[in-house]
Each structure stands twice: as C-alpha cells, then as structure tokens.
Amino acid sequence: MKWLLAATANLIVLAQRTCATNSQQSIHEFSAETWTVTNEYGNITVPGSYPSQVHLDLNHAGVITSPYYGLNEFNLRWIAAQNWTYTSKPIKNLRKDGTTSSHLVFDGLDTYTTITFCNKIVGTADNQFRQWYFDVTDVLEQCPDQEPVLSLNFGSVPRIINALNASSSETWPSISVYAYEYPNRHFVRKEQNDFGWDWSPAFVPTGPWRDGRIVQLQKRVQAYQLNTAIDVYRKGQVNNFAPDQSQPWIVNASVDFIGILPKNSQLRAVITDVSDESKVLYSGEMENVSSSNMTITGSISIDCDKPKLWWPRDMGSQNLYKIKVFVPSTCGTTPILTTEKRIGFRTILLDVGNVTNAQISRGYKPGNNWHFEINGHEFYSKGANMVPPDAFWPRVSKGSMNNLFESVEAQNFNMLRVWSSGAYLPDFIYDIADERGVLLWSEFEFGDSLYPDDPAFLQNVVGEVTYNVRRINHHPSLACWVGGNELENLMLPLTYQAAPDGLNYFVGQYEDLFITTIFKTLVANSRSISYTPSSGNNGFTNIDFSLPVPMVQRYNNKTAGEMYGDTEFYNYDTSISFNISKYPVGRFSTEFGFPSMPSLETWKQVLDDQDLHFNSSTITLRNHHYPPNSLATDNYANGTKGLAEMTLGVERYYPAPNKKDPIGNFSSWCHATQLFQADFYKNQIQFYRHGSGMPERQLGSLLWQLNDVWQAPSWAAIEYDGRWKVLPYVVRNAYKHITVSPLWDYEHGELELWVTSDLWERVSGTVSLSWVDLRGKPITDNAGMPTSLDFQVEAINSTRIVRTNMRDVTLPDMKDALLLLSLKASGHLPNGDEMIEFSHENHFIPVWPKDLKLVDPGLKISYNQESGKFDVEATKAVSLYTWLHHSEDVSGFFDDNAFILLPGQKKEVDFKVQHDTDIAWMKDITIQSLWDLTTE
C-alpha cells in the first residue's frame with residue numbers, strides 16, 4: 001500500500017509541476033535582436049532592423065540617399081537585382097532542455113526567402129502576404145553552437161519571376177498583363193505596385209517587412225495563438241444575401257495555434273463593452289466546440305437586441321466590444337491558450353444581385369444592384385480609394401495613419417476602398433477605422449492582369465486568403481472582400497480582343513482563381529461578409545455551391561433597357577471634362593479622377609531647386625502617367641504626355657500662370673492643376689449623387705485616389721506627407737449630407753439645380769439664390785430668377801428645383817456674374833434624436849474661370865490670438881478660390897479653403913494642427929485667390 005501511495009504522490013507532484021510550468025511560454029521578438037544585412041557579393045554589410053526592408057537599412061547606414069530623392073527609383077535598381085541576407089547575432093536565452101518545443105513565426109517575409117537556423121535550412125517562403133511558421137525543435141536541440149543564429153536570405157524577385165516566366169507554358173496575350181515597369185509581376189504573390197504603377201515607383205523592396213519571433217512552449221501542455229477568426233453574424237446569415245435582422249447574433253471564434261491542447265479541450269468566452277468593461281455582454285462556455293491539430297473553434301448565441309450596434313460615422317455610434325476567448329487550464333488558473341480581439345455587432349451587405357420587383361416598383365431601373373447595406377439599411381457610400389501610404393511599409397506608423405483618417409473624417413467620407421495590388425492593411429489601420437466609423441472595402445491583392453492557374457499557385461493563394469480573411473474578419477469596419485482590381489470589365493475584354501479564340505480558356509482561368517478558389521475559401525472562413533470577384537463587374541445572376549463555379553457572373557449577358565454594375569471614368573481629353581453627358585450612368589462609381597501636381601513644399605522634399613520647373617527632366621520622369629511599360633529610364637514621351645494633359649486642363653479653363661520668378665511660376669502652375677482637378681471631381685460627385693434620385697439609383701462614389709505613395713504627379717487628394725491639395729476642401733463640401741448643386745449642360749445652355757440628401761428621412765428646406773457681379777453687387781431683378789425656393793427631398797434621394805436655359809437668365813454680362821447658392825434645412829442624422837440644422841454653400845459661374853473679368857479682391861488675413869483662428873477679408877471685390885497656404889513648418893488642414901468671399905465679408909478660418917516644428921508657423925500663412933494666379 002505504501003508504494004501505491006508514494007506513486008500517487010509522485011503523479012500529483014508531476015501534475016502540479018506540469019500545471020506550474022503552463023504559464024512559462026517564452027517569446028523572443030526578432031525586433032529585440034541585433035541584425036546585419038549583407039548583399040550576395042559580400043561587399044556590402046550594414047546594420048539591419050526588424051521589421052525592415054533593404055532600402056531602408058542601406059539608407060540608414062548612409063550607403064544610399066533617400067530612395068525618394070531625385071531619380072533614385074532608377075539609380076537604385078541594383079538593390080532589387082541582388083540577393084540580400086538578414087543575419088542575427090547569436091540569440092541568447094533559448095531553452096534546449098528536451099522539454100521545450102521551439103517555433104519560428106514570421107508575420108511577413110517579402111518575398112522569396114530561405115530560412116536558415118543553426119546553419120540548417122529549416123524552410124522557405126514565397127508569399128509576402130502569409131504568416132509563416134516552422135518547427136525548429138530538433139534543429140535547436142542539435143544545434144552545435146550554444147547560441148543559435150537565424151539567417152534570412154531574400155532572393156532577387158525580378159530575377160526569380162523572370163525565370164518563372166521563362167519556364168512557364170502559359171501564353172497570355174501581352175495586353176493581359178499590365179507591365180508598368182518590371183515584367184512578370186503576376187507570377188509572384190507580392191505587392192503588385194512594387195513593380196511600378198501609373199502613380200507608383202518601382203523599387204521592388206525586399207526584407208522582413210512585418211514582425212517575427214521565436215516561440216518556445218512546454219511540450220504537451222502549451223499552445224501559442226497564431227491567428228484568430230471571429231465571425232459575428234445573424235443566425236441563418238450567408239454570404240452575399242441580406243440577413244434577417246430579427247435573428248439572434250452568432251459569435252463564432254476559431255483560433256489557429258501551434259503546440260498541444262489537451263484532449264476534449266473547452267473554449268470559454270468573455271465579451272465586455274470597450275467603453276465600460278464592467279458591463280459584461282457574455283461570459284461562459286462556448287458551444288459546438290471542435291478542434292484539429294492546429295485549430296479550435298466554438299460559437300455562442302446572443303439575443304437579437306442585447307448588443308449595441310456598430311454603425312459607420314454619421315449613421316450611429318461606433319459601439320465596440322472586447323472578446324476574450326481562451327482554453328481553460330485543466331489544473332490551474334492560467335489558460336492554456338488565450339486570444340483577445342475587439343469586435344462590433346453589425347451586418348454589412350454588398351448587394352450586387354438582381355434588382356427585385358419591389359425595387360422596380362419604387363422606380364429602380366431593372367438589372368443588377370450595386371450598393372451597400374448596414375444593419376439592413378441602404379446608405380450612400382462617400383469616399384475614396386486608398387493606395388499604400390508608402391513604398392516601404394515598415395515606415396508606416398500609427399501616428400501617420402491616425403492623421404490620415406482624421407483627414408478622411410474631415411472630408412465627410414464614410415468609406416475607403418483599400419485598393420488591390422498593394423498590401424493587406426495591418427490590423428492597427430482597421431482598428432483606427434473601427435474607432436472612427438470608416439468602412440473599408442477590402443480587396444485581395446490582384447490587379448490589372450491575368451494570373452496563373454496551376455495547382456501550386458492556387459494552393460499558395462488559398463493560404464494567403466485563409467490567413468488574411470481570418471486575421472481581419474473581426475473588424476466591424478470591414479465592408480466587403482473583392483477578388484481584385486479591374487479584372488472582369490477591363491482585363492477579360494482586352495484579352496478577348498487580343499485572342500478571341502481563347503475566351504473560354506481565359507474565363508475558365510479567371511473563374512477558377514477568383515470564384516472557385518477564392519470565394520470558396522472566403523465562405524469557409526466567414527459567413528458575415530460579401531464577396532464579388534472584381535472591382536468592376538455587372539453582378540451575379542445566381543449563387544449555388546452545388547455548381548462547379550458557385551457564383552454565376554452576368555458578364556455581358558445584358559437585357560436592353562436594364563442597368564448593371566459599377567462604373568469607372570477616366571477621360572484625359574480635357575475639352576470634355578465638364579461635359580456631364582460624357583459621365584457614366586451606373587449604380588455605383590468605383591473610380592474617377594484626373595492627376596494634378598503636388599505643392600511646391602512637397603516637391604522640395606525630394607528635388608533640388610534647379611529641378612523645380614514644370615517640365616524638368618526629373619519631374620517628367622517621376623510622372624508615371626503614362627507608364628513606360630518597361631524598365632526604360634527615358635520615358636520622356638509618356639511623361640510629357642501626362643504633363644501636357646494637366647497643362648491643357650489649366651489653359652482651357654483657368655488663368656494660366658506666367659510669372660517672372662521661375663519657382664513662383666512653378667508653384668502657381670502646381671496650384672492651377674489642383675484647381676482643375678478639384679473642379680473636375682466636384683462636377684462628377686454632384687452628377688453621381690443626383691443619380692440617387694434617378695432610375696439608376698446611384699448609391700456610391702469613391703474618388704481616385706485618397707493618398708500618395710511618394711512625391712510625384714498623381715490623382716491623390718492628399719500629398720505624401722499629409723498636405724491637403726485643393727481637392728479635399730472641395731470634396732468635403734460636395735459630400736455634406738444635404739447639398740444644392742448646379743448641373744450645367746454648357747453645350748445647350750441648360751442649367752439645372754438639384755438638392756441631394758443622404759439622410760434616411762424626408763427633409764424640407766430652402767435654397768437662396770443670389771446673382772452678383774464680380775464686385776459683389778446684386779444683379780438687377782436677380783437676373784430673372786427667384787431669390788429663394790422651398791424644397792422637399794426623400795430619404796437618400798435628390799430633387800430638381802430649377803431647370804432653365806441661360807438665354808432666359810437676364811445677365812448684363814455673363815463674364816461678370818456669379819450665382820451664389822445657400823441651402824438651409826433641418827433634420828436628423830440616421831439613428832439620431834437631436835434635430836440638426838444643415839447648411840450648404842455652392843456657386844455657379846456661367847463661363848469658364850479664365851474668361852471672367854476678374855478684379856483684385858484686396859485680400860487681408862490676420863491671426864486672432866484670442867480665438868486661435870485666422871480672420872480673412874476681401875476688401876475690394878469677389879475673391880474666387882480663396883486659398884490659405886501654410887508652410888512646411890506645420891502639417892494639418894484648415895476647416896475651410898478654396899471658398900468664395902464677397903467684398904466686406906469677413907470669415908473666420910480654423911487650422912487643425914497635426915504636427916508643427918515651429919511655434920511661429922502662424923505668421924507664415926499666406927492668402928491668394930484666382931486673381932493672384934497670374935500676378936506677381
């Protein structure tokens with residue numbers, strides 16, 4: 001009996017020891033290690049960082065100047081042409097006691113990587129967008145050195161993809177892959193604009209671009225969370241279809257891990273209100289728990305109305321909850337596996353299905369929808385397309401992204417399209433969007449190309465899609481997933497034109513990748529999110545998972561008189577830029593735009609003074625519109641063509657600068673291109689928004705593009721360092737909730753005034769109309785038009801309040817006339833109880849600005865120390881496009897700019913400071929108007 005008691009006591013002690021070591025998980029972050037970077041020839045070795053990319057480390061070491069300086073895009077191509085190795089110093093304090101399992105975990109390796117640990121190759125990576133992990137337990141235990149070394153060899157991506165192309169049996173028409181600069185980008189799962197785009201440089205960076213670590217676990221009793229998928233949806237909800245809002249919520253949690261969990265492990269969850277964690281929404285065991293060797297999954301049900309809903313900005317509150325999911329210990333208080341996320345309870349639908357009979361009865365043109373619904377409500381999507389904020393992602397900080405989203409909110413956006421062919425956003429950017437209520441239309445990283453369809457490529461894509469869908473799905477700001485950019489309505493038609501005999505083959509490849517593979521992978525990991533295979537398409541006719549291709553696309557199977565899909569609009573013939581009859585009529589405008597120059601201050605960050613003129617060789621070559629479609633470094637013809645389009649846009653409509661001071665003249669030209677860009681976008685936004693009340697039921701417009709990746713001519717509204725162009729100031733006014741807008745058919749003299757509302761209730765109000773001359777004097781009898789008009793506009797709709805012809809407007813001189821429009825209305829924001837006074841100011845000029853009989857407005861500006869704002873006044877005449885300009889010593893934006901001032905009118909303007917380096921920056925604020933564009 002004594003021996004039995006002793007054996008039992010030993011087992012109890014062993015169990016206690018096992019439980020006691022349960023919390024001794026050891027994580028060694030690679031960012032805490034010391035690294036060197038060496039090229040393949042061994043003649044360059046510099047200190048390295050982690051995470052990082054080679055260009056950044058070479059620049060930090062002084063081997064190269066800033067990659068963005070001058071023509072370094074060309075001068076630094078030797079970096080991408082070589083292999084580079086990141087090597088750690090010996091890594092200390094790793095356990096090698098036989099009771100520990102050891103794992104290398106990489107959140108991002110860019111891109112072709114050979115991983116060597118303890119002088120042994122332990123794995124390879126070939127996808128920038130995946131998490132990679134390797135069990136190195138045996139390697140470490142047999143490591144001859146006391147302290148092992150980790151080595152990451154990054155292969156030259158251009159060399160590797162050229163070799164893949166040479167060995168490929170695929171024969172796509174050349175038009176099927178937009179090359180931009182480096183060829184063969186479609187073979188590699190890497191940020192596609194790294195190889196050049198019509199707004200992006202082609203640096204092809206490489207390196208450990210996201211965090212990594214060594215994880216050590218006690219064998220048999222510990223696990224480490226790799227990734228977590230939290231799916232919040234209504235009971236019975238399925239992808240791409242409207243859920244029943246009366247059903248309870250299902251919260252499904254699925255945790256990917258390495259290590260070992262005890263047999264029959266349970267999952268528990270605790271959900272608390274982020275704003276008050278004492279408020280517990282749920283605490284208890286999860287149901288339907290199942291596990292495999294690397295995933296454990298469970299779900300819970302929550303009463304329909306118990307959680308507070310998450311809403312986009314201006315549609316309700318951004319209510320967030322914290323969910324903690326854990327596997328409890330079998331003998332102790334420390335969980336074996338724990339993960340925490342922030343979630344929101346919302347449903348979001350991208351409806352691209354067939355228009356219903358009920359919609360037709362409400363005035364919709366039949367065909368296919370293309371709009372979003374939040375928590376069962378249609379809404380108007382207002383926003384822009386977001387491109388990567390830097391060519392080198394390790395430089396992107398939470399601070400800079402907070403500033404960017406502050407600008408997004410200030411422009412009255414509720415949505416950004418996270419453009420494909422960049423990179424999947426890190427979680428901290430989705431966190432910012434969750435907090436600010438900005439929806440993120442997200443895309444898989446494919447664009448402007450056909451892609452391989454071989455099994456190895458598809459399997460790689462499955463891993464990529466699985467990881468990122470699971471990683472991002474818990475964010476309530478996630479609006480949808482889209483397969484890629486411009487695939488269905490651009491690349492397939494171009495391919496068909498080039499190779500009509502191969503249509504079925506190329507469509508088959510497209511469907512296999514973007515529907516059969518990606519859609520099925522998405523559905524296997526989320527029920528809460530919608531999917532469409534391409535940013536431009538005509539919707540689907542049916543979804544049936546019993547079919548080989550489960551989503552049946554409409555393609556060009558159209559019916560006369562019906563309407564399908566979203567639109568894009570790019571037309572660089574500036575003679576028709578303001579011709580509204582040339583704009584596309586569709587359900588949703590996904591992209592539209594025109595490039596402009598950045599400001600002088602932004603150019604000075606990367607150019608010497610001798611390059612600061614409009615057609616300098618450096619500026620011409622930094623202009624990637626139009627791209628060389630090769631690695632040529634003499635793209636003067638295409639670059640000049642793009643600059644000429646901007647020049648013509650100014651000369652056709654605005655006073656053309658011709659100042660004696662060359663740099664001052666260059667600055668004025670940059671500003672003038674921004675004026676054209678802003679007016680062009682404004683005209684389109686007004687046109688698209690009025691479509692919400694037309695048979696097309698147009699419910700969204702996203703301008704191209706929000707931000708810039710570097711300092712160069714582009715479509716961006718916000719320059720690389722965050723400086724606002726003219727465009728954001730104009731857009732924020734055009735995207736107010738209730739607007740009055742002129743639609744001018746100048747070819748026939750027809751003028752219409754429309755009131756548009758994106759509120760969810762009927763609204764009534766008044767529009768005041770005032771015709772004045774350019775000295776601010778009222779025109780007799782208001783030119784024969786009424787001085788005010790009452791209106792009523794339905795929810796998310798528009799109504800016409802004026803239709804006239806300019807020949808019936810009694811103006812003494814159309815070149816000396818300006819119509820001022822002022823709207824007042826009262827109403828409620830969606831889900832809001834407070835009555836709000838809405839206002840909007842707009843104007844109409846019956847000739848092009850260059851033809852106006854401009855008068856010096858006599859502008860004055862002063863800084864009011866007491867209010868902390870700027871006082872602006874026009875003392876002589878009307879000031880058009882009144883522009884406040886800040887120096888490089890401060891970053892931020894004004895609360896109004898590019899506005900109209902009447903003589904004697906004083907205006908108070910505030911400035912939102914995001915960063916300043918000079919406390920006296922206020923004295924450097926300058927002011928100008930259209931009059932000053934050509935004056936010294």
Side-chain angles (χ1 to χ4, degrees), residues 574 577 593-607 609 611-616 619 622-623 642-682 708 711-733 845 848-850 852 854 856-857 859 861 872 874 879-888 890-894 896-901 909 911 924-936:
T574 54
S577 295
F594 195 96
S596 69
M597 297 282 267
S599 65
L600 175 65
E601 285 75 14
T602 293
W603 276 123
K604 289 171 71 173
Q605 296 168 7
V606 292
L607 298 187
D609 283 356
D611 289 321
L612 297 176
H613 57 93
F614 203 91
N615 294 308
S616 75
I619 286 177
R622 289 177 73 98
N623 178 32
L643 295 177
E645 290 170 350
M646 285 186 276
T647 304
L648 280 171
V650 172
E651 291 178 339
R652 281 189 165 115
Y653 303 103
Y654 303 88
N658 189 24
K659 299 185 176 182
K660 293 179 182 178
D661 174 53
I663 293 182
N665 194 55
F666 174 65
S667 181
S668 289
W669 267 106
C670 291
H671 183 65
T673 67
Q674 294 184 19
L675 293 179
F676 171 81
Q677 180 192 46
D679 278 343
F680 188 20
Y681 284 60
K682 174 186 175 182
D708 233 334
Q711 304 91 338
S714 81
W715 294 254
I718 298 175
E719 297 171 14
Y720 171 70
D721 66 347
R723 177 181 289 267
W724 281 29
K725 292 181 179 178
V726 178
L727 178 57
Y729 294 106
V730 171
V731 165
R732 74 188 303 182
N733 189 54
I845 302 172
W848 304 126
K850 73 179 179 64
L852 289 170
L854 294 173
D856 181 2
L859 288 172
I861 184 172
V872 182
S879 175
L880 297 172
Y881 301 94
T882 310
W883 182 250
L884 280 72
H885 184 87
H886 64 85
S887 72
E888 66 272 15
V890 63
S891 60
F893 50 88
F894 297 97
D896 200 3
N897 216 344
F899 49 80
I900 288 176
L901 272 180
V909 181
F911 185 80
D924 295 324
I925 300 294
T926 60
I927 189 169
Q928 66 183 72
S929 70
L930 192 66
W931 165 265
D932 302 290
L933 201 60
T934 58
T935 57
E936 294 294 337

Can you name the closest pair of heavy atoms from [X] and [Y] and give their distance?
X    : Y    : result
D896 : Y729 : C-CD2, 4.1 Å
P657 : V650 : CD-CG1, 4.4 Å
F676 : G649 : CD1-O, 3.4 Å
S714 : Q677 : O-NE2, 4.0 Å
A898 : W883 : N-CE3, 4.0 Å
V872 : L901 : CG1-CD1, 3.4 Å

Using modelled atom types only, decide if a donor and an acceptor are shared between the side chain of [X] and the backbone of [Y] within a distance under 3.5 Å.
X    : Y    : value
Q674 : V726 : yes
E645 : T574 : no
N665 : N658 : yes
Y720 : P598 : no
T673 : M597 : yes
D932 : T935 : no

Residues D679 and Y881: side-chain donor-acceptor under 3.5 angstrom: yes
Polar contact flag, side-chain donor to acceptor under 3.5 angstrom, K659-S668: yes
ring-ring contact (aromatic ring centres under 6.0 Å, His included) against F911, all qualifying residues, sequence neighbours excluded: H886, F894, W921
Partner set under side chain to side chain contact (heavy atoms under 4.5 Å, CB included) for H613, not counting sequence neighbours: S616
Residue list, side chain to side chain contact (heavy atoms under 4.5 Å, CB included) with P728, at least two apart or on another chain: Q411, A717, I718, W724, K725
Euclidean distance, [Y] [atom2] relative to [X] [atom1], rounded to 0.5 Å:
X    : Y    : atom1 : atom2 : value
L933 : L880 : CG    : CG    : 11.5 Å
S667 : W603 : OG    : CH2   : 12.5 Å
H885 : D924 : NE2   : CG    : 10.0 Å
Q605 : R723 : CD    : CZ    : 8.5 Å
Y653 : F680 : OH    : CZ    : 8.5 Å
W931 : S879 : CH2   : OG    : 12.0 Å

Does the side chain of [X] reach to within under 4.5 Å of the side chain of [Y], using non-hydrogen atoms?
X    : Y    : answer
D611 : F666 : no
C670 : S599 : no
L884 : V909 : yes
L930 : P849 : yes

Full working for side-chain hydrogen bond (donor to acceptor under 3.5 Å, both in side chains) between T602 and E719: CA-CA 7 Å; T602 293; E719 297 171 14; 2.3 Å; yes
Over 12 foreign heavy atoms within 6.0 Å of NZ, K850: yes
Test log, rule side chain to side chain contact (heavy atoms under 4.5 Å, CB included), inputs W669 and T647: CA-CA 8 Å; W669 267 106; T647 304; 3.9 Å; yes
